[in-house]
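Note on naming: letters A, B, ... go to the chains in the order of the sequence lines (proteins, then strands), and numbering restarts at 1 for each one.
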2 protein chains.
Amino acid sequence: MSIATSEVTNRRDPARTRERLLMAGFEEVYRAGFQGCDLNAILGKAGVTKGALYHHFNSKDALGHAILEDVVARITEQKWLEPLRTSDTPLDTLIAIIEGTFTDDEHAAGGCPLNNLAQEMSRVEEGFRARTAALFTAWIDTVADALTRAQAQGALRPNIDARAQAQFIVAAYEGYMSIAKSLKSGAVLEAGVKQMVAHLNSLRPEDSHG
Amino acid sequence: MSIATSEVTNRRDPARTRERLLMAGFEEVYRAGFQGCDLNAILGKAGVTKGALYHHFNSKDALGHAILEDVVARITEQKWLEPLRTSDTPLDTLIAIIEGTFTDDEHAAGGCPLNNLAQEMSRVEEGFRARTAALFTAWIDTVADALTRAQAQGALRPNIDARAQAQFIVAAYEGYMSIAKSLKSGAVLEAGVKQMVAHLNSLRPEDSHG
DNA sequence: ATTGACATACCAACCGGTATGTATGTTTAT
DNA sequence: ATAAACATACATACCGGTTGGTATGTCAAT
C-alpha cells in the first residue's frame, strides 16, 4: 500500500469529479432552469470535460435527476428534516426553521430550488416529477411527524389535523417563495414568515393571540 | 361600407389569426413550458404558418409576453378579479372562488398557468418576470380590496391586516397548486381548499370555529 | 398600386450526444 | 514481483438534428 490512500487530490478522483458536476449543475439549473441551462456552461464551471460528464451520467436528464436526489435532497435534509427529526421541541424548531429563511431580495429572486424544478419539469419528464414528488412527500411527512410529536407533548391542540397543517405550512412556504421570486421581493418573504409563525402559534393550546 | 364589417370570417382575419396563435401558444406553453415548447407545434395547432407568427410577434419571447398579457391575464380576471370587484359579499365570493377550484388529478397535474411561467421564466428573462409580477400584484391587490370591503361591512374582524391576509391566501393557493402539480394529486387541492376556507372563516367576527 | 397579411422555403447556430483516443489504476496469472 | 490483461476515468473532436429566425413571394383589401 502506498501512502496515497485518500484525502490527497489525485488526478483521478471520480467522487470529486462527480461532486463538482453536481454542484456546477445545481448552480446553472438554479440560474437558467433545466431546459434553459447549457451543458457546456456546467462543464466550464465544474472544470471538467464532456467525456467526464457522460462517464458519470448517461444523459442530461440523468444529471438533473442526480441533482435532485443528491444536492436538493441534501439541502432539504439539512434545513428541514434533520432538525425536525432530532428536536425535542418540534414546534419551536419548526418556527425557528421558518424564521431562518433568508429574506433578502437576492435570495427571494432565486426561489426554492425544489419548487423551481418541480414547476418547470413535472409535466415535461416523469423522472423529474417522481423525484420532486418524493421530496415534497418526505418534507410534508417529517413536518407532520413533528407536529404529531408536539401534540403528544401537549404543545399543540389535540384536535388539529397534523397532516393537514403540515401540508398547509409547506404549501404556504412554497407559495410565498414563488410570489417573492416573481416580485424579487424579500419583503414578501418577511411578511410570509411572520404570517406562518403567527399561524403556528395560534395552534398552541392555551394562548394569547388577539 | 360593405356588409362585411365584422362577425364574418374572411380569409384575411388578423384578429382571429392572432387569437389562434395566442390560444395554441398558451396550450403548448402550459404543456411543455416556455423554453420546452416548440414553435412549429404551436403553428400546427393554430393552423397558421411561421410567416403569420412573425408578422404578429417579432420573437418567441414576444409571443410569450402576449400570452401572459392577454390569455393568462384574462383567465385571472374572469376567475378572481371580476367576481371580487363586483361582489357585495366579498368574503363569501372569495370562498366561492376558492371552492370553485377544479380538484381532479388532471387539473392538478397542470398547475397554475401563471405560476408555471413565473417559476420557469422569472430569472431567465426580465420581460416574463415583470409581467408575472404585475399579475400577482393585481391579484393580491384585488383580494386585499375585497377583504377591506368585507371589513367595512363588519364581515371580517377589524384588527386583521387585509393586505397580509390577501398575500397569505394567494401564497397558500399557489403553494397548494404547486405541490398538487408535482404529486399529480387532486386530493391535495381538495385539502387545500378546505384548509383555506377554514382559515378565512376563522377571520369572521363572531364565530364558532372549534 | 400600395400596404398589410399572410405562405413557402430556407438558413444558421446552438447544443445534446457520440465516437474515439488515452492515461491511470486494478486485478490476475505465472 | 511483475507483466499482461482489463477496467475505470477521463479528454478531444465532431456530428447532426432541432429550432428560432429570416428572406422572399403572393394574395387580398383599400
Side-chain angles (χ1 to χ4, degrees), chain A residues 1-25 28-29 31-67 120-121 124-125 127-128, chain B residues 1-25 28-29 31-67 120-121 124-125 127-128:
Chain A
M1 265 180 226
S2 75
I3 305 165
T5 49
S6 68
E7 294 288 350
V8 280
T9 301
N10 285 336
R11 288 186 57 193
R12 286 288 176 90
D13 194 337
R16 176 187 155 90
T17 299
R18 185 188 145 92
E19 185 65 20
R20 289 184 62 84
L21 281 168
L22 287 175
M23 292 310 295
E28 283 301 296
V29 169
R31 272 197 25 203
F34 181 77
Q35 303 185 95
C37 78
D38 184 358
L39 279 188
N40 292 317
I42 294 175
L43 296 175
K45 181 170 280 188
V48 300
T49 63
K50 201 167 278 191
L53 170 64
Y54 278 91
H55 173 73
H56 287 280
F57 310 98
N58 45 34
S59 68
K60 189 190 183 188
D61 278 5
L63 174 63
H65 296 166
I67 289 171
E120 180 192 355
M121 298 302 296
V124 176
E125 206 268 327
F128 282 87
Chain B
M1 266 180 225
S2 74
I3 305 165
T5 50
S6 67
E7 295 288 349
V8 279
T9 303
N10 284 336
R11 287 187 58 193
R12 287 291 172 90
D13 194 338
R16 175 186 156 89
T17 298
R18 186 188 144 92
E19 184 65 20
R20 289 184 63 82
L21 281 169
L22 287 175
M23 291 309 296
E28 282 302 296
V29 170
R31 274 198 22 204
F34 180 78
Q35 302 184 97
C37 78
D38 184 359
L39 278 188
N40 292 318
I42 294 176
L43 296 176
K45 182 170 279 189
V48 300
T49 62
K50 201 166 278 191
L53 171 64
Y54 278 91
H55 173 72
H56 287 280
F57 310 99
N58 44 35
S59 68
K60 189 190 183 188
D61 278 5
L63 174 63
H65 296 165
I67 288 171
E120 181 192 356
M121 298 302 296
V124 177
E125 206 268 328
F128 282 88

Taking five pairs at each end of the helix from C:dA1-D:dT30 to C:dT30-D:dA1, what angle separates the two helix axes (nearest 10°)? 10°

Candidates D:dC10, C:dG17, C:dA7 - which lies nearest the side chain of B:Val48: C:dA7

Nearest non-hydrogen partners of A:Gln35 and A:Lys60, listed with the distance: O-NZ, 3.9 Å

By nearest atom, which of the nucleotides D:dG21, D:dC10, D:dA13 is closest to the A:Pro14 side chain? D:dC10

Options C:dG17, D:dT19, D:dG21, nucleotide nearest the side-chain atoms of A:Lys50: C:dG17

So which one's nearest nucleotide on DNA chain C is more toward 5', A:Cys37 or A:Gly51? A:Cys37

Does the distance from a Lys or Arg side-chain N to an Asp or Glu carboxylate O, for A:Glu28 and A:Arg31, drop under 4.0 Å? yes

Give the nucleotide from the list C:dG17, D:dT19, D:dC10 with an atom nearest to the side chain of A:Ala52. D:dC10

OP1 or OP2 of C:dC6 under 4.0 Å from side-chain N/O of B:His56: yes

For A:Ser59 and C:dG16, is the shortest distance between a side-chain N/O and OP1 or OP2 below 4.0 Å? no

Residue B:Thr49, side-chain heavy atoms: nucleotide from C:dT18, D:dC10, C:dT8 that is nearest: C:dT8

Do you know the tightest heavy-atom contact between B:Ala32 and A:Val124? O-CG2, 3.5 Å

Which of C:dG17, D:dC10, C:dA5 is nearest the side chain of A:His55? It is D:dC10

